[in-house]
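Read through the structure below, which is laid out as C-alpha cells, and then see the notes.
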Amino acid sequence: MRRSKWPFLPYKGKWQGSFSERQAMETLRSKVLEEQHHSETNFVSMLVDCFRIYGSNPSFSGYSFMVQHLLHKNFHSYLPPILDHLEKSERIDVPEKFFVNLIHEYGKADMLQEAVNMFLRIPKFRCSPSALSLNSVLNILCRKNDGLALIHDVLLKAPALNIRLEASSFRILIRALCRTGRVGFAIELFNIMQQLHEFIPDSGFYLLILRALCKYSTPDEVMKFLEDMWNGGVLPSTWEYNAVINLLVSKGRLNDAYSILTRMKVEGKRPDIISYTTILNGFILVNNFIEAEEVFDEMLVLGIDLDVVTYNTYISGLCKQREFGRAYRMVLCMEKAGCKPDTESFNTLMDGYTKAGEHVKVKEVMSKMLEKGYQGNSRTNAILIDGLLMEQKPAEACQMLMEMVSKGLIPNSATFNAVVCSLCQKNFLDKGIQVLEEMISHSIAPDDSLWEALLSAINLRREEMAVHLEEMILGGSRDRW
DNA sequence: GTAGGGTTAG
C-alpha cells in the first residue's frame with residue numbers, strides 16, 4: 001500500500017503535533033549534518049533547541065535520530081547526557097527496540113559494561129524489558145571472553161526486571177558454553193532448563209551439545225549423550241554422526257565407530273563418503289587391513305563415488321602392507337576410474353617407499369610426479385628429507401631444508417627436529433645450530449630429543465677442545481716458557 | 001538451495 005505523502009495523520013490526537021515534529025526533525029537533520037563537531041558540542045541543547053523553535057519538547061524520533069547519529073559517528077561518549085535527558089522525558093515511553101539496538105551497538109564497540117548498565121536501566125525509561133533485551137545483552141556478552149564474567153550478574157538481576165528466561169535465552173548461553181569448550185556446564189544448564197523451567201528442548205539443543213562433545217569430550221561422554229538423544233527421540237543427522245565417528249576413530253574405538261555406521265543404516269541414513277573414509281582410515285591406522293578391505297568393498301558395492309581423499313587413504317593402507325605394486329598402479333590408474341590423483345597421492349606413495357628404505361623407487365615416483373605436471377609441496381620435501389636422514393646424509397638433508405625455507409616452504413616441527421638431531425649426532429654442530437636458529441625464527445618449538453642431541457654434541461665438542469688445548473699447552477710450554 | 005565434515009610427515 002502506498003503511504004500518503006501528507007503528514008496530516010493523527011498523531012497523539014493532534015496533527016499539529018505531527019507537523020511541528022516534522023519541521024523540528026528537518027531542522028535537526030540539517031543542523032546535525034552541517035555541524036562541525038568539536039569537543040564542546042552540546043548535543044542535548046542542539047536537540048532541545050530544534051524542537052523548542054516549534055514549541056515542543058524533543059520527540060522520541062528526535063532522541064532516536066540523535067542517538068543513531070552519535071553511534072554512526074562513533075561518538076559513544078556523548079550518549080550519556082542524551083540518555084539522561086530521555087530518561088527524564090516522562091511523556092515518552094521508550095520502545096524496547098531502542099535498547100536492543102543500543103545494546104547491540106555497545107557490543108560492537110566492546111563497551112560491555114555500558115551494555116549491561118543500559119539493560120539494567122531500561123525500566124527507568126518507562127519500558128518493561130522482555131527476553132528480547134535480555135537476549136541482546138546475553139548475545140554480546142557471550143561473544144567475548146570478557147563478557148562471560150558479566151553474565152552471572154545479568155542473570156541474577158533478570159528476575160527483578162520481571163524477565164522470564166525463554167528457550168532462546170538458554171540457547172544463547174548453551175551455545176556460548178559449547179563454543180568455549182565448557183560442555184559440562186552446557187549440559188548442566190540444559191538439564192536445569194528441562195527440569196526447572198520445563199522446556200522441551202528441540203533437536204537444535206541436542207545437536208549443539210553433541211557437536212561440542214565430539215570436539216571437546218571423551219568417547220564415553222559422547223556415547224552417553226547419544227543414548228539420551230535417542231531416548232529423547234532426537235536422531236542426529238549424517239553430519240553429526242560423522243563427527244561422532246571421527247572422535248571414536250581418533251581414540252581408536254573402531255568397533256564403536258563401526259556400530260555407529262550400522263546404526264545409521266538402521267535409521268535409514270545412508271552413511272556417506274565421509275563416514276566411510278573416516279572408518280577406512282581408522283582400520284588402516286590400527287593395521288586392521290582385513291576390515292579396511294571390507295569397508296572399501298562396501299563402498300564400491302554401494303556405488304559411492306570415490307574421491308581423492310578415499311583413494312589416498314586406501315593407498316596409504318596398501319603402503320603400510322608393503323603392497324607397493326598395487327599402490328603404485330592405483331596412483332597411476334585412479335584417473336581412469338574418474339578421480340585425478342593429487343600431490344598427496346604421490347606423497348603417500350613416496351612416503352611408503354621411504355619408510356621401506358626403497359630410496360630408488362622414491363626418486364622414480366618423484367620424477368613420475370613431475371613428468372605428470374605436479375609440483376611437489378612442503379610435505380614432498382619433508383619426505384625427501386626424511387629419506388636423506390635414513391640414508392645417513394644429514395648434510396644433504398640440511399641443505400634441502402634450507403632451500404625449502406628460502407622458498408618460503410616451512411617444514412613442520414618433526415622435520416626440523418629430525419634434521420637438527422641428525423646433524424648433532426653426526427657432529428655437524430654449527431649446521432645444527434644454524435637450523436635451530438631458523439626454527440626459532442619461525443616460532444617452531446624444538447622438542448626434548450633435539451635439546452638432548454644438541455647438548456651431547458656440545459659436550460663432545462668441549463671435550464675435543466679441551467684435549468686440543470691440553471696438547472697445545474703441553475707441546476708449546478717446552479720451547480717457549 | 002549449498003558447503004562442510006573425512007587423509008597427511010611424530
Side-chain angles (χ1 to χ4, degrees), chain A residues 207 210-215 222 236-251 254 257-258 260-261 264 269-286 292 295-296 298-299 304-320 327 330-331 334 339-356 362 365-366 369 374 376-390 397 400-401 404 409-422 439 444-450 452-453:
Chain A
L207 300 177
L210 182 64
R211 258 176 258 171
L213 282 173
C214 288
K215 197 164 165 195
V222 168
S237 66
T238 302
W239 176 270
E240 275 82 28
Y241 274 132
N242 285 347
V244 174
I245 290 173
N246 196 26
L247 175 74
L248 292 171
V249 163
S250 74
K251 304 290 178 201
L254 266 297
Y258 198 81
I260 296 289
L261 206 67
M264 287 171 82
K269 294 189 179 71
R270 282 184 62 153
D272 64 8
I273 191 161
I274 308 290
S275 331
Y276 277 108
T277 307
T278 310
I279 297 232
L280 175 67
N281 184 50
F283 281 127
I284 290 168
L285 285 177
V286 298
V295 171
F296 192 67
E298 195 174 319
M299 292 178 81
I304 292 174
D305 278 335
L306 305 186
D307 67 11
V308 70
V309 177
T310 314
Y311 274 109
N312 291 350
T313 304
Y314 188 71
I315 290 164
S316 75
L318 290 175
C319 288
K320 275 185 100 175
M330 188 148 262
V331 173
M334 57 193 271
C339 180
K340 202 171 165 357
D342 62 6
T343 304
E344 288 311 321
S345 316
F346 291 93
N347 283 345
T348 306
L349 188 56
M350 283 166 66
D351 186 50
Y353 276 131
T354 298
K355 289 200 171 102
V362 176
V365 177
M366 180 76 196
M369 184 176 96
Y374 292 90
N377 59 20
S378 73
R379 192 178 164 231
T380 317
N381 287 284
I383 292 164
L384 295 174
I385 289 172
D386 241 10
L388 290 170
L389 293 179
M390 280 179 70
M400 186 163 208
L401 183 136
M404 268 180 86
L409 295 174
I410 309 303
N412 75 1
S413 65
T415 305
F416 266 119
N417 275 302
V419 170
V420 178
C421 278
S422 289
M439 272 178 91
I444 293 167
D447 66 17
D448 290 348
S449 65
L450 184 152
E452 226 168 84

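Only heavy atoms go into these numbers, but all of them, side chains included; no hydrogens, no water, no symmetry mates. Residue numbers start from 1 in every chain, and the chains themselves are labelled A, B, ... in the order their sequence lines are given, proteins ahead of strands. None of the values given here were measured: they were computed from a predicted structure.
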Are there any protein N/O atoms within less than 3.5 Å of an N/O atom in nucleotides 2-4 of chain B, and if so, which ones and at what distance?
none

Mind checking A:Ser275 for me? I need base, sugar-phosphate or nothing, with any heavy atom below 4.0 Å counting as a touch. nothing
From B:dG6, B:dG10, B:dT8, pick the nucleotide closest to the side chain of A:Thr277? B:dG6
OP1 or OP2 of B:dA9 less than 4.0 angstrom from a side-chain nitrogen or oxygen of A:Asn377, does that happen here? no
Is it the case that A:Asp272 and A:Ser275 place a side-chain donor and acceptor less than 3.5 Å from each other? yes
When you get a sec, tell me which of B:dA9, B:dG6, B:dT8 is the closest nucleotide to the side chain of A:Asn281? B:dT8
Once you apply a heavy-atom cut-off of 4.0 Å, does A:Ser316 come out as touching a base, just sugar-phosphate, or nothing? nothing
Would the distance check show the side chain of A:Asp351 and the main-chain N or O of A:Thr354 forming a donor-acceptor pair, the cut-off being under 3.5 Å? no
Nucleotide nearest A:Leu285 (side chain, heavy atoms from C-beta), chosen from B:dG6, B:dT8, B:dA9: B:dT8
A:Ile274 has its side chain closest, among B:dA9, B:dT7, B:dG6, to B:dG6
Taking the minimum atom-to-atom distance to the side chain of A:Ser378, which one of B:dA9, B:dG6, B:dT7 wins? B:dA9
What does A:Asp307 touch in the nucleic acid at a heavy-atom separation under 4.0 angstrom: a base, only the sugar-phosphate, or nothing? base
So what does A:Asn242 hit on the nucleic acid, given a heavy-atom distance under 4.0 Å: a base, only sugar-phosphate, or nothing? base
For A:Thr354, report the nucleic acid contact type (base, sugar-phosphate, nothing); a contact means any heavy atom under 4.0 Å. nothing
Which is true for A:Thr415 with a 4.0 Å heavy-atom rule: it touches a base, it touches only sugar-phosphate, or it touches nothing? nothing
Under 4.0 Å, heavy atoms only, any strand: does A:Ile284 hit a base, just the sugar-phosphate, or nothing? nothing
Taking A:Tyr276 for its side chain and A:Ile304 for its backbone only, find out whether a donor-acceptor pair lies under 3.5 Å. no
